[in-house]
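Side chains are part of it too, since the values below use all heavy atoms of this structure and drop only hydrogens, waters and symmetry mates. Values in this document were obtained by computation on a predicted structure and should not be read as measured data. Residues: numbered from 1 along the sequence shown. One-based numbering, in listed order, for ligands and for the atoms of each.
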Amino acid sequence: MKILVINSGSSSIKFQLFSMKERKVLASGLIEQIGEPLGKVKLNSSHHKEPVTQKLAIPTHEHGIEIISSFLIDSKIIKSLDNLDGIGHRVVHGGKFNESQLIDDNIMQEIINNTPLAPIHSPANIAGIKAAEIEAPNVPQVAVFDTAFHQTMPPYAYTYALPYDLCKRLHIRRYGFHGTSHKYIAEEASKILKKPLSKCNFITLHLGNGTSAAAIKNGKCIDTSMGLSPLEGLIMGTRSGDLDPAIIFYLERMEKLKPYEIDMLLNKQSGLKGICGTNDLREVQDKMSSGDERAKLAFDMFCYRIKKYIGAYYAILGRVDAIIFTGGIGENSASVRYQSCKDLSHCGILIDKKKNDKNSTHIESRSEVKILVVPTNEELEIAKLTEYIIQKNSKAN
Ligand code: ADP
């Protein structure tokens, strides 16, 4: 099976083409600055030694998909986009969906209906789906939702303590995000531990530019740190994470900020960047090494918040088989992992400094709770889920 995975942003399309039998990437690329006077294209395939780069106007997502189609055909990887077995789309907000869906008119309408819950991401995801449908009208298209894995949370974990009827009417609840990544690393960790996922209790930590934690009991998510939107929870590159909501009204009164300005402040100017001026953890670490106190504060806050969530999820899980780190920071920053897990021996969590410094898979020693570094692969997970939904659907027919 050949599955194309598409991740559409408001002005970008990222893609990977998988051969599912070998779990191999045949081609990949990134199309950026769609809708701007000059767009950027970077395409890779197993037939090219160097990436193919271009600068040209890419007015719409449809033009972006056309570029991908021509590249795959010219590289002789496929004869036409219609020869693909499936196209899997990353869709950020899935509302009530608890698994990926084969896209038909009804599902498309549901995705459109969820737009108010993700006003920036949903229109981009919809543009990507529509463009792919035009270019490959006979190929099954599957929506893989970032929220779906977290739908197993119990009501006491996902309900906010606000007027109940209002929450119901406006669909206000904890949804959680990065679900594809949490699911993928949980499955990988169960293979590493040689224990069925249905018997595993995990604390998963996805630490990239966006960061989130999940508590997984017997293979199912029972809580996660992101909420109605990806703003809640851990400290992120530019997002505040958890916050006293009264700060918003205080800012409104004292700084006369408008709602969209506060939205920008919390999403784009806060987190690591808000504290020390950079959202890139490598730069935070470099500044810290040269004695920058704000960078040290940002780093300490970042790790302290992770540790608090480890404690909270330890309490609700009771028994923890493993804490799993992933994402650019989780996979590469030994110091974040160390600072977040140290001094937790009373919880059976003992990080091994040497193994941790080497970014080994197992970074615990004599620890009841394993501590694992598991590289995420959200694209492969989307391809696997797309294949699963297509096969399930063809059996049903
Ligand atoms: P995204 O969420 O955009 O996919 P990534 O998962 O690539 O982001 O993570 C980006 C973050 O990972 C940045 O803060 C970056 O500084 C951090 N990072 C990447 N490599 C390293 C490294 N070697 N050491 C520390 N941090 C790293």
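- A cation-pi contact, defined as under 6.0 Å to the ring centre and within 45° of the axis, is absent between K2 and F18.
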Ligand 1 N/O to protein N/O, distances under 3.5 Å:
from     : atom 1 : to   : atom 2 : distance (Å)
ligand 1 : 2 (O)  : N209 : N      : 3.0
ligand 1 : 3 (O)  : N209 : ND2    : 2.8
ligand 1 : 6 (O)  : G328 : N      : 2.8
ligand 1 : 8 (O)  : N209 : N      : 3.3
ligand 1 : 8 (O)  : N209 : ND2    : 3.4
ligand 1 : 12 (O) : I329 : N      : 3.3
ligand 1 : 14 (O) : L281 : N      : 3.0
ligand 1 : 16 (O) : D280 : OD1    : 2.5
ligand 1 : 16 (O) : L281 : N      : 3.1
ligand 1 : 16 (O) : R282 : N      : 3.2
ligand 1 : 16 (O) : R282 : NE     : 3.4

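- Counting only residues at least two apart or on different chains, the salt bridge (Lys or Arg N to Asp or Glu O under 4.0 Å) pairs with a member in residues 320-349 are K195-D321, R319-D321.
- Salt-bridge annotation for K296 and D300: present, with a side-chain N of the basic residue lying under 4.0 Å from a carboxylate O of the acidic one.
- Between H150 and F177, the gap from one ring centroid to the other reaches at least 6.0 Å.
- For an aromatic pair to be called close, the ring centres must be under 6.0 Å apart, and H48 with F71 satisfies this.
- Under the 6.0 Å distance and 45° angle rule, R173 counts as a cation-pi partner of Y158.
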